[in-house]
Protein chains: 2
Amino acid sequence: MKLITDIYLGDSYEQLQLLPDCSVDLIFTSPPYADQRKTTYGGVQPTVYVEWFLPIAAELLRVLKPSGTFVLNIKEKVVNGERSTYVLELILALRQQGWLWTEEFIWHKKNCYPGKWPNRFRDAWERLLQFNKQRQFSMYQEAVMVPMGDWATGRLKHLSNTDQLRDTSRVGSGFGKKVSNWLTRTQAYPTNVLHLATECSNKQHSAAFPEALPEWFIQLFTQEQDTVLDPFMGSGTTLIVAHRMKRHTIGIDIVPEYCEMVRKKLNETELYLI
Amino acid sequence: MKLITDIYLGDSYEQLQLLPDCSVDLIFTSPPYADQRKTTYGGVQPTVYVEWFLPIAAELLRVLKPSGTFVLNIKEKVVNGERSTYVLELILALRQQGWLWTEEFIWHKKNCYPGKWPNRFRDAWERLLQFNKQRQFSMYQEAVMVPMGDWATGRLKHLSNTDQLRDTSRVGSGFGKKVSNWLTRTQAYPTNVLHLATECSNKQHSAAFPEALPEWFIQLFTQEQDTVLDPFMGSGTTLIVAHRMKRHTIGIDIVPEYCEMVRKKLNETELYLI
DNA sequence: ACTTGCCGTGAATCTGATT
DNA sequence: GAATCAGATTCACGGCAAG
């Protein structure tokens, strides 16, 4: 089956209106952070950030399927020695708008930008805010399981007396319940902290995040043939990864060069896959 | 020189009023989270949490030196499938009160509580919110950079082979990046992400956080003979560590048993030092 | 002193039953 | 009914003891 890849050139709010209701399974995006990237996006001021974002979020709410998920990668910058509060205000405002603030994942940037400041350390993490329309949403946890820790090899191979006894003797939290479930277990569920390095390879167009970041969330929240939307496409990392993972993709960006570049990259991927 | 250790039994708000203005260099505390610790602290409801905390914060603002720092360890729990928003509201309210929200550190809990749920992963991080009275505050970065190998021996260094594997394999299909040298870099230049396990086993008294947590912030924000305050002392981890590090300490708790226990522990430390 | 292996337990969260 | 409770599910670190 052919994968659809739609790239819209233009303002996010306007272009989103072209999309039908309840048609997207996952929105994964990293919007321009306040007061950053002045040259390309005109630099949204922190003071008007929420006001600027809310109409867009309303459209996102409309196009997202009831079972879908919206993941927002964002981090407030330091202004005048203080962390800006626009992200906090945005979360509260989105809830007012009808979104459920389901979870906040932490992206730990393992090789964050080096440097030293007089009263501040290097910023090594970003927020990945998860919003949903409903308390029930699609989530494919098995797709992102990780190997168990080293401890498991020893402990599970040779279950001690206590581990087996706890099944009956201990009440409450513990390891002993349903020991049989564990014997064959080699993988564990991940946590809400993601350890990923930032990509520093492609200097041409610095992506906001490494491919592994959207990849993880696409694995978690979608299946093949689902639709992934990035309303602030930029260099198109989300789209390229999603397309490679056999998801339909929709991208929006106001910069013609980005749209053209992503189209070209997707074509290359297409050829590569064949 | 003799180190002063004051322990006040009683309500935080009331006891704080006994302290003079601008007399504390560092406030490091972990207040009862909303809806937690019901048996010992009565369980403050999320809806009234900000209201409850603000008068205490006003006193903290008064007793803190202009160059001092306030570090608040907190994390919102899940209510009805959503993260509570009272922490976000608290940050905004504290700024209204005059605090500067200088930084947000992340404590990555390496051994977080196990569990599996249909639409959520395990919660593996907590917030460490840094507030200040002024944009200029005391910070001794060298203290946590240089002697890091000393205080962190065996704590941060350990990273198993499987741990390295997990970070890359969790994203599957081969384009995960191999990064295994981040720990050594972390030790050379700290970031705002702290990797620590909770100390939960084989301890007489379970503390809310590991000793390494207050230790790191005490190193960073104070010098010997400075004064450290914990208005929600609990089992006294902050005080014991601070005292061991030759800081004057002030602790407040409403539970008589805790006050008595911490006094006893501090005496033991005293003897040990001699 | 250094490694190896055993094992206790934690600011969890959801579901369904019971006051 | 709303509010509370009990039950089930689930990892991984770090302290000890032993080699």
Side-chain angles (χ1 to χ4, degrees), chain A residues 102-103 135-136 139 141 145-167 169-182 185-193, chain B residues 29-41 43-46 49 72-84 87 107-128 153-160 162-163 166 195-213 232 234-235 237:
Chain A
T102 314
E103 181 59 299
R135 289 187 52 202
Q136 293 295 332
M139 193 177 193
Q141 302 195 354
M145 290 188 81
V146 298
M148 273 208 166
D150 289 331
W151 63 273
T153 46
R155 187 160 179 177
L156 291 178
K157 288 271 160 58
H158 314 283
L159 272 184
S160 64
N161 287 339
T162 332
D163 273 344
Q164 301 187 28
L165 273 176
R166 260 218 273 172
D167 197 343
S169 64
R170 290 283 278 201
V171 191
S173 72
F175 183 79
K177 292 280 180 187
K178 300 265 180 170
V179 182
S180 52
N181 282 354
W182 284 84
R185 201 70 65 80
T186 57
Q187 299 211 294
Y189 293 98
T191 70
N192 58 2
V193 178
Chain B
T29 196
S30 193
Y33 300 178
D35 266 343
Q36 311 279 155
R37 299 278 154 106
K38 276 183 189 157
T39 45
T40 44
Y41 293 99
V44 182
Q45 298 293 315
Y49 197 89
L72 183 65
N73 171 220
I74 199 163
K75 179 64 193 271
E76 56 273 49
K77 64 180 285 190
V78 174
V79 175
N80 220 7
E82 265 191 297
R83 289 276 165 203
S84 294
V87 175
W107 169 23
H108 170 217
K109 295 197 278 189
K110 292 195 292 183
N111 61 341
C112 66
Y113 200 90
K116 179 187 184 290
W117 309 277
N119 49 15
R120 184 172 301 284
F121 287 135
R122 291 172 291 148
D123 193 5
W125 65 278
E126 294 196 12
R127 304 177 195 277
L128 284 156
T153 312
R155 282 188 176 133
L156 294 184
K157 265 185 182 161
H158 222 56
L159 191 68
S160 68
T162 332
D163 265 342
R166 306 169 106 193
H195 303 271
L196 297 170
T198 52
E199 292 168 2
C200 53
S201 67
N202 295 335
K203 289 267 170 161
Q204 281 270 340
H205 241 291
S206 63
F209 41 75
E211 293 191 348
L213 199 62
F232 301 96
S235 59
T237 311

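Chain letters run A, B, ... following the sequence lines, proteins first, then strands; residues in each count from 1.
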Could you walk me through whether Trp125(B) and Lys109(B) pass side chain to side chain contact (heavy atoms under 4.5 Å, CB included), step by step? CA-CA 5 Å; Trp125(B) 65 278; Lys109(B) 295 197 278 189; over 6 Å; no
Using a 4.0 Å heavy-atom cut-off, does Tyr189(A) contact any base of the nucleic acid, only the sugar-phosphate backbone, or nothing at all?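 Here Tyr189(A) touches the backbone only, sparing every base.
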- Determine the contact category for Pro31(B): base if any of its heavy atoms lies under 4.0 Å from a base atom, sugar-phosphate if only primed atoms, P, OP1 or OP2 are that close, otherwise nothing.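 Counting heavy atoms under 4.0 Å across all strands, the contact made by Pro31(B) includes a base.
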What is the distance, to the nearest angstrom, from the [atom1] atom on [X] to the [atom2] atom on [N]?
| X | N | atom1 | atom2 | value |
| --- | --- | --- | --- | --- |
| Asn80(B) | dT4(D) | CG | P | 14 Å |
| Leu196(B) | dA11(C) | CG | C1' | 16 Å |
| Lys109(B) | dC13(D) | NZ | P | 14 Å |
| Arg122(B) | dC14(C) | CZ | P | 15 Å |
| Met145(A) | dC11(D) | CE | C1' | 11 Å |
| Gln187(A) | dA12(D) | CD | P | 11 Å |
| Trp107(B) | dA11(C) | CH2 | C1' | 9 Å |
| Phe232(B) | dA11(C) | CZ | P | 18 Å |

Nearest to side-chain heavy atoms of [X], which nucleotide of [options]:
| X | options | answer |
| --- | --- | --- |
| Ala197(B) | dG14(D), dT15(C), dA12(D) | dG14(D) |
| Lys110(B) | dC11(D), dT15(C), dC13(D) | dC13(D) |
| Asp123(B) | dA12(D), dA12(C), dT15(C) | dA12(C) |

Short question: side chain of [X], backbone of [Y] - any donor-acceptor pair under 3.5 Å?
| X | Y | answer |
| --- | --- | --- |
| Thr191(A) | Val193(A) | yes |
| Gln136(A) | Asn119(B) | no |
| Arg122(B) | Asn111(B) | no |
| Asn192(A) | Phe121(B) | no |

Just by distance, no angles: are the side chains of Asn80(B) and Arg135(A) close enough, under 3.5 Å, to form a donor-acceptor pair? yes
Taking every heavy atom of Trp107(B) against every heavy atom of Ala208(B), the minimum-distance pair comes out as CH2-O, 4.0 Å
Dot-bracket assigned to DNA chain C with the 3.5 Å Watson-Crick/G-U criterion, [ ] for crossing and | for other-strand pairs, is .|||||||||.||||||||
State, with a plain yes or no, whether a side-chain heavy atom of Leu213(B) is found less than 4.5 Å away from one of Leu128(B).
yes
Would you say a side-chain N or O of Arg135(A) is under 4.0 Å from OP1 or OP2 of dC14(C)?
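For dC14(C), neither OP1 nor OP2 has a side-chain N or O of Arg135(A) closer than 4.0 Å.
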Residue pair Gln136(A)/Glu126(B) against DNA chain C: nearer the 5' end by closest nucleotide is Glu126(B)
Original post:
Which residue lies toward the 5' end of DNA chain C, Gly81(B) or Asn111(B), if each is placed at its nearest nucleotide?
Top reply: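 The residue mapped nearer the 5' terminus is Asn111(B).
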Residues pairing under salt bridge (charged side-chain N to carboxylate O under 4.0 Å, His left out) where one sits in residues 73-84 of chain B, two or more places apart or in two chains, turn out to be Arg95(A)-Glu82(B), Glu103(A)-Arg83(B), Lys75(B)-Asp123(B), Glu76(B)-Arg127(B), Arg83(B)-Asp123(B)
Could you walk me through whether Tyr49(B) and Ile74(B) pass the side chain to side chain contact (heavy atoms under 4.5 Å, CB included) test, one step at a time?
CA-CA 12 Å; Tyr49(B) 197 89; Ile74(B) 199 163; 3.6 Å; yes
* Using heavy atoms and a sub-4.0 Å distance, could you list which residues of residues 114-121 of chain B are near DNA chain C? By number, please. =>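 DNA chain C contact set from residues 114-121 of chain B: Pro114(B), Trp117(B), Pro118(B), Arg120(B).
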Check your understanding: In whole Å, what separates the P atom of dA11(C) from that of dG15(D)?
Key ->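 Rounded to whole Å, the distance is 16 Å.
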When you measure only distances, ignoring hydrogens and angles, does the side chain of Thr198(B) come within 3.5 Å of the base of dA11(C) through a donor and an acceptor?
no
